[in-house]
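These values consider heavy atoms only, across backbone and side chains, with no hydrogens, waters or symmetry-generated copies.
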Amino acid sequence: MRQKGRFGQYGGFYVPEVLIPALEELEAAFYDHYQDEKFVKELNWFYKHYAGRPTPLYLAKRFSEQVGFNVYLKREDLVHGGAHKLNNTLGQALLAKYMGKSKIIAETGAGQHGLATAMVGALFGMETKIFMGVIDIERQSVNVHKMKLCGAKVISVEGGTGTLKDAINDALRYWTANVTDTFYIFGSTCGPHPYPTVVKHFQSVIGTEAKQQCAEQIGKLPDMIVACVGGGSNALGIFTGFIDDKNVKLIGVEAGGEGVSTGKHAATIVAGKVGILHGAKSYLLQDENGQVLETESVSAGLDYSAVGPEHCQLKDSGRAQYYEAEDEDVLDAFELLSKKEGILPALESSHALAWVMKQKGKLSSDANVIVNLSGRGDKDVSIVEKYRPLMQ
């Protein structure tokens with residue numbers, strides 16, 4: 001391969017030999033097309049006319065009054081389908097089309113990547129299969145129904161914990177046997193090279209827009225960018241626009257679940273150790289024998305035992321800082337933004353909001369903080385009702 005996909009010691013491609021040619025084919029196609037004028041023009045057309053980009057940068061005034069400083073929301077919840085995931089699936093599906101692939105597959109946790117894949121499968125007329133853990137199918141039934149409405153086949157994965165990790169396992173196994181005509185649309189900045197680079201590139205539109213919008217609306221760079229981190233695509237998507245601006249703090253917020261001390265969490269960078277999962281070296285939740293630990297989070301999209309390799313490098317270098325938000329605080333954030341702004345945030349995005357709420361009294365009143373609101377919370381209403389049945 002021309003590039004080994006390393007971010008310091010992290011990344012790489014630890015995969016069965018049968019997948020190496022498929023990854024090499026993907027890498028070659030990506031570098032052939034991602035800056036090609038025809039490809040870029042076509043993708044930008046879909047971003048504007050299908051996805052609804054650019055998304056607004058919105059000053060949440062009533063929420064800001066509650067925390068004591070300016071909080072701007074990058075409204076990825078307004079992308080068609082309800083989340084940032086479509087940015088990536090449009091890019092990868094178009095790449096699959098250019099490569100002559102007729103079928104696409106994907107894994108999904110919260111269902112947003114699965115839905116975004118099902119949507120582009122319908123858009124481009126491609127046979128689509130979505131692998132999803134049985135636990136996630138139950139807690140994200142609305143998205144499952146939407147995927148089926150778009151013509152995708154949803155394959156229930158019952159092994160392991162029945163969550164995202166196991167969906168990826170089965171998707172990789174399927175791809176191994178069907179690489180000739182099938183393109184695997186990976187959902188986050190994880191997995192073997194070149195996926196972390198590919199996904200980051202297609203999500204970088206978030207940061208590019210946000211930086212321009214800051215110049216127009218604030219007149220200067222923000223003080224801080226905050227985003228939730230599971231695999232890490234929405235965070236890297238917005239971080240990339242500001243990564244060279246050293247005075248802009250980059251904050252990633254992971255799923256603390258019931259708290260890291262309880263062992264019931266998904267805070268991989270905060271509590272993990274270096275290991276290998278799904279073809280890449282990164283921080284990983286594992287026991288003393290290297291066995292992958294189960295994760296637990298109120299949000300299906302952050303319920304993952306590893307994290308993207310570039311996030312690991314950003315953490316080690318100190319360029320970004322990573323924290324956890326516990327479930328109760330996340331539910332408080334969901335409730336506060338809903339009541340103060342009439343915006344229901346995804347439970348994933350609510351982790352970023354929860355951390356921001358904890359900064360009350362710590363930042364000056366003129367501080368400008370951007371939260372990447374990676375998705376909308378329609379899909380999570382039943383989960384919130386389960387935990388907060390008497391929310392008034």
Side-chain angles (χ1 to χ4, degrees), residues 3-12 67 69 71-72 74 188-190 193 196-197 199-201 203-204 206-208 210-211 214 220-256 259-261 265-277 280-286 302 304-326 329 348-349 351-364 367-372 374:
Q3 296 192 11
K4 297 301 181 184
R6 291 286 181 178
F7 303 90
Q9 67 166 311
Y10 306 104
V67 298
F69 48 85
V71 178
Y72 291 82
K74 181 56 175 161
S188 198
T189 48
C190 298
H193 176 67
T197 298
V199 178
K200 172 188 170 181
H201 173 73
Q203 292 292 1
S204 67
I206 304 172
T208 300
K211 190 167 188 177
C214 282
K220 59 181 180 179
L221 292 170
D223 298 290
M224 187 180 296
I225 306 289
V226 187
C228 66
V229 175
S233 66
N234 93 88
L236 274 182
I238 194 165
F239 285 1
T240 299
F242 301 89
I243 206 159
D244 294 328
D245 302 305
K246 302 303 182 184
N247 291 328
V248 179
K249 293 183 179 179
L250 306 179
I251 305 295
V253 186
E254 297 188 291
V260 168
S261 61
H265 65 95
T268 306
I269 298 182
V270 171
K273 298 179 290 185
V274 177
I276 295 171
L277 182 65
K281 180 185 286 189
S282 71
Y283 282 107
L284 179 65
L285 293 175
Q286 55 188 313
L302 303 186
Y304 185 51
S305 304
V307 68
E310 189 166 358
H311 281 293
C312 301
Q313 183 191 45
L314 289 172
K315 187 256 187 182
D316 287 0
S317 70
R319 179 63 189 95
Q321 286 79 48
Y322 296 85
Y323 302 91
E324 58 165 325
E326 296 183 7
D329 295 328
E348 290 78 14
S349 313
H351 284 71
L353 294 166
W355 186 87
V356 168
M357 287 169 60
K358 293 285 187 179
Q359 308 317 301
K360 185 174 183 178
K362 299 178 183 179
L363 298 179
S364 64
N368 296 304
V369 175
I370 295 179
V371 174
N372 195 25
S374 57

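Side-chain contact of Ser374 with Ser349: a donor-acceptor pair under 3.5 Å is present, judged by distance alone.
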Worked verdict on Lys315 versus Tyr283 for side-chain contact (heavy atoms from CB on, under 4.5 Å): CA-CA 10 Å; Lys315 187 256 187 182; Tyr283 282 107; 3.7 Å; yes
Yes or no on side-chain contact (heavy atoms from CB on, under 4.5 Å) for Gln203 and Val199, after CA distance, side-chain angles and deciding distance? CA-CA 6 Å; Gln203 292 292 1; Val199 178; 4.3 Å; yes
List the steps and the verdict of side-chain contact (heavy atoms from CB on, under 4.5 Å) for Tyr10 and Val274. CA-CA 9 Å; Tyr10 306 104; Val274 177; 3.9 Å; yes
Just do the side-chain contact (heavy atoms from CB on, under 4.5 Å) check on Leu363 and Val369 with the steps written out, would you? CA-CA 10 Å; Leu363 298 179; Val369 175; 3.9 Å; yes
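Of all heavy-atom pairs spanning Val67 and Met357, the tightest one is CG1-CA, 3.9 Å. Nearest approach of Pro222 to Val248, heavy atoms of both residues: O-CG2, 3.3 Å. In terms of heavy atoms, Glu324 sits closest to Val253 at C-CG1, 4.1 Å. When every heavy atom of Phe7 is checked against every heavy atom of Pro196, the shortest pair comes out as CE1-CB, 4.1 Å. Across all their heavy atoms, Val229 and Ala235 have their closest contact at CG2-CB, 3.8 Å. The two residues Leu277 and Tyr304 have their closest heavy-atom pair at CD2-OH, 4.2 Å.
Remark: side-chain polar atoms of Gln359 are paired, donor with acceptor, to backbone N or O of Trp355 under 3.5 angstrom. Panel note: side chain Glu254, backbone Thr268; a donor-acceptor pair is recorded below 3.5 Å. Under the 3.5 Å distance criterion, the side-chain polar atoms of His351 are left unmatched by any main-chain donor or acceptor of Ala255. Although no hydrogens or angles enter the test, the distance criterion places a donor-acceptor pair under 3.5 Å between the side chain of Asn234 and the main chain of Cys228. A donor-acceptor pair is defined here as one N or O able to donate and one able to accept, closer than 3.5 Å; no such pair exists between the side chain of Ser188 and the backbone of Cys190. Within the 3.5 Å criterion, the main-chain N or O of Gly237 finds no donor-acceptor partner in the side chain of Thr240.
How far CD of Glu348 is from CG of Leu353: 12.0 Å, rounded to the nearest 0.5 Å. Atom OH of Tyr322 and atom SG of Cys312 lie 8.0 Å apart (nearest 0.5 Å). Between the CG atom of Leu236 and the OG1 atom of Thr189 there is a distance of 4.5 Å, given to the nearest 0.5 Å. Interatomic distance, Leu221 CG to Lys211 NZ, rounded to the nearest 0.5 Å: 6.0 Å. Atom-to-atom distance recorded for Arg319:CZ and His311:NE2 is 13.0 Å, nearest 0.5 angstrom. The distance from atom OG1 of Thr208 to atom CZ of Phe242, rounded to the nearest 0.5 Å, is 9.0 Å.
At a threshold of 4.5 Å between non-hydrogen side-chain atoms, the residues Val270 and Tyr323 do not count as touching. You'll find the side chain of Glu326 stays beyond 4.5 Å of the side chain of Val260, heavy atoms only. By the 4.5 Å heavy-atom criterion applied to side chains, Leu314 and Ile243 are counted as neighbours.
The environment of NZ in Lys246 is crowded: more than 12 heavy-atom neighbours from other residues, nucleotides or ligands sit within 6.0 Å.
Among Asn368, Ile370, Val371, the single residue meeting the side-chain contact (heavy atoms from CB on, under 4.5 Å) criterion with Val71 is Val371.
A salt bridge does not link Lys249 with Asp223: every distance from a Lys NZ or Arg NE/NH1/NH2 to an Asp or Glu carboxylate oxygen is 4.0 Å or more.
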